[in-house]
Amino acid sequence: MTKILNSKNPYSWLESSLTTIHRADWYRSVQSVQGMAGATVLLDGREVINFASNDYLGLASDQRLIAAAVKATEELGTGSTGSRLLSGHRELHRELENAIASWKQTPDAVIFSSGYLANIGTISALVGKRDLVLSDQYNHSSLKNGAILSGANIIEYSHCDVQDLRKHLYQQRHLYRRSLIITDSVFSMDGDLCPLPALLDIATEFDCMLLLDEAHGTGVLGNNGTGCVEYWGCTGRELIQMGTLSKALGSLGGYVTGSLSLIDFLRNRASSWIYTTALSPANTAAALTAIGIIQQEPQRREQLWHHVCYLKETIQQRLPNLQLLPSESPILCFQLKNATEALKVGEYLKDSGIFAPAIRPPTVPTSRIRISVMATHEKAHLHRLLDVLEQVNNK
Ligand SMILES: *Cc1c(COP(=O)(O)O)cnc(C)c1O
């Protein structure tokens, strides 16, 4: 008989693990944002200019979204009370899916309870043990974990490096049944874009599926704001697009769009869609309203890009020492020596009334300050940011 001699507390490793995290300056904790979402928010009761939000078009505080959410809640209730296939499906869900499909000019769409769930459910439904996933090294956590969950063989290719991707496919594609390329469209912690046309060509050449994560492209890129696919002139080409309802759309939830058979397959095989509660009426109605506004009010997107161009140009002229990472989106990052430095600068910005977070490993390989621009920022907000960045630059 084996005796269990070890009287150690099985949970004691948690404390030592936290100590290690603290030592590296990798420790994270939440801070409360108070008041209405928007271009300015309250932190510790003090107003700061918000450069930390994914609400690119300022829709999260739009009265029409709020009214739609209230109305849906009053008519249908707070919770959807069941999964889509059992008791949770409402007409409103289908209406939103139709609106997404028609906006993106794809045959069909399906909504998930979050973008994260959309990625893990879709990837794990599409590939398995006999298959190959090729993943950009800077992909979002939800893409990476979807690939791991699928059990497929995973190759990480160098960031946006088409030659490297090609090389791996040339060497390995024939060893596997199905193959799936996964990539962010706008890289969430960098702000640059994936080379979509080249990726689509490679996918065709090597008989691979392509899943494009439009979390930060939706509502932001392209003439109609549908995302990176439209921006690159690839509308209508066969691929799998996912996105979130929680960023430019100001709500909560995720979506996948593509062919009729793809969406039908996901409704039958994506566990994170089948076995979870349907999106709440409030979130569904808010997202549906947001898509209407984005289509009717292109001036929001124009304002956003106007701000982005102004900031980029002025930073390059006035603050050449700031190491701005390459960006083609409203996400602007500048690199710092290490996590300690990034935290220091983040604190300095906050003390100066600028809310822009330090992003550190393990989220990204190198520490940085991440600024995200909103259409609803005022010129004075941008000027204040530039002044404070100048102080950082001269320190
Ligand atoms: C935010 C994000 C997600 C997850 O979306 P949620 O709706 O917030 O779960 C997925 N992919 C990328 C690239 C993201 O930035």
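Start at 1 and go down the list; that is how both ligands and their atoms are numbered. Nothing fancy with the numbering, it's 1 onward along the sequence.
For atom 5 (O) of ligand 1, the nearest non-hydrogen atom from the set A118, G115, S188 comes from G115. Considering Y138, F187, Y255, Y116 only, the shortest heavy-atom separation from atom 9 (O) of ligand 1 involves Y116.
Side-chain atoms of T314 come within 3.5 Å of backbone atoms of Y310 as a donor-acceptor pair (strictly under, hydrogens ignored).
For ligand 1, none of its N or O atoms has an N or O atom of D184 under 3.5 Å away. Checked by distance only, ligand 1 and A215 stay at 3.5 Å or farther apart across all their nitrogen or oxygen atoms.
Atoms of ligand 1 lying under 4.0 Å from any heavy atom of K247, numbered from 1 in the order shown and given with element: 1 (C), 2 (C), 3 (C), 14 (C), 15 (O). Proximity to T244 (heavy-atom distance under 4.0 Å) selects the following atoms of ligand 1: 5 (O), 6 (P), 7 (O). Contact atoms of ligand 1 toward D213: 10 (C), 11 (N), 12 (C), 13 (C) (distance under 4.0 Å to a heavy atom of the residue). Close contacts of ligand 1 with G253, meaning ligand atoms under 4.0 Å from a residue heavy atom, involve 7 (O).
Between M242 and ligand 1 there is no heavy-atom distance shorter than 4.0 Å. For the pair S142 and ligand 1, a heavy-atom separation below 4.0 Å is found.
Of the inter-residue distances, the one linking D44 atom CG with S32 atom OG reads 8.0 Å to the nearest 0.5 angstrom.
One finds a salt bridge joining E347 and K350 here, because a Lys/Arg side-chain nitrogen approaches an Asp/Glu carboxylate oxygen to under 4.0 Å.
Side-chain contact check for H306 versus K379: some heavy-atom pair is nearer than 4.5 Å. No side-chain heavy atom of K247 sits less than 4.5 Å from a side-chain heavy atom of T218.
L245 and I66 fall into different hydrophobic clusters, where Ile, Leu, Val, Met, Phe, Trp and Tyr side chains are chained together by heavy-atom contacts under 4.5 Å.
Remark: aromatic rings of F51 and H381 are distant, center separation not under 6.0 Å.
Looking from atom 3 (C) of ligand 1 to the surrounding protein, the closest heavy atom is H140 CE1, 3.4 Å. The nearest protein atom to atom 8 (O) of ligand 1, hydrogens excluded, is given as S246 OG, 3.9 Å; this is a heavy-atom distance.
Ring geometry for H377 versus H307: interplanar angle of 30 to 60°, hence tilted.
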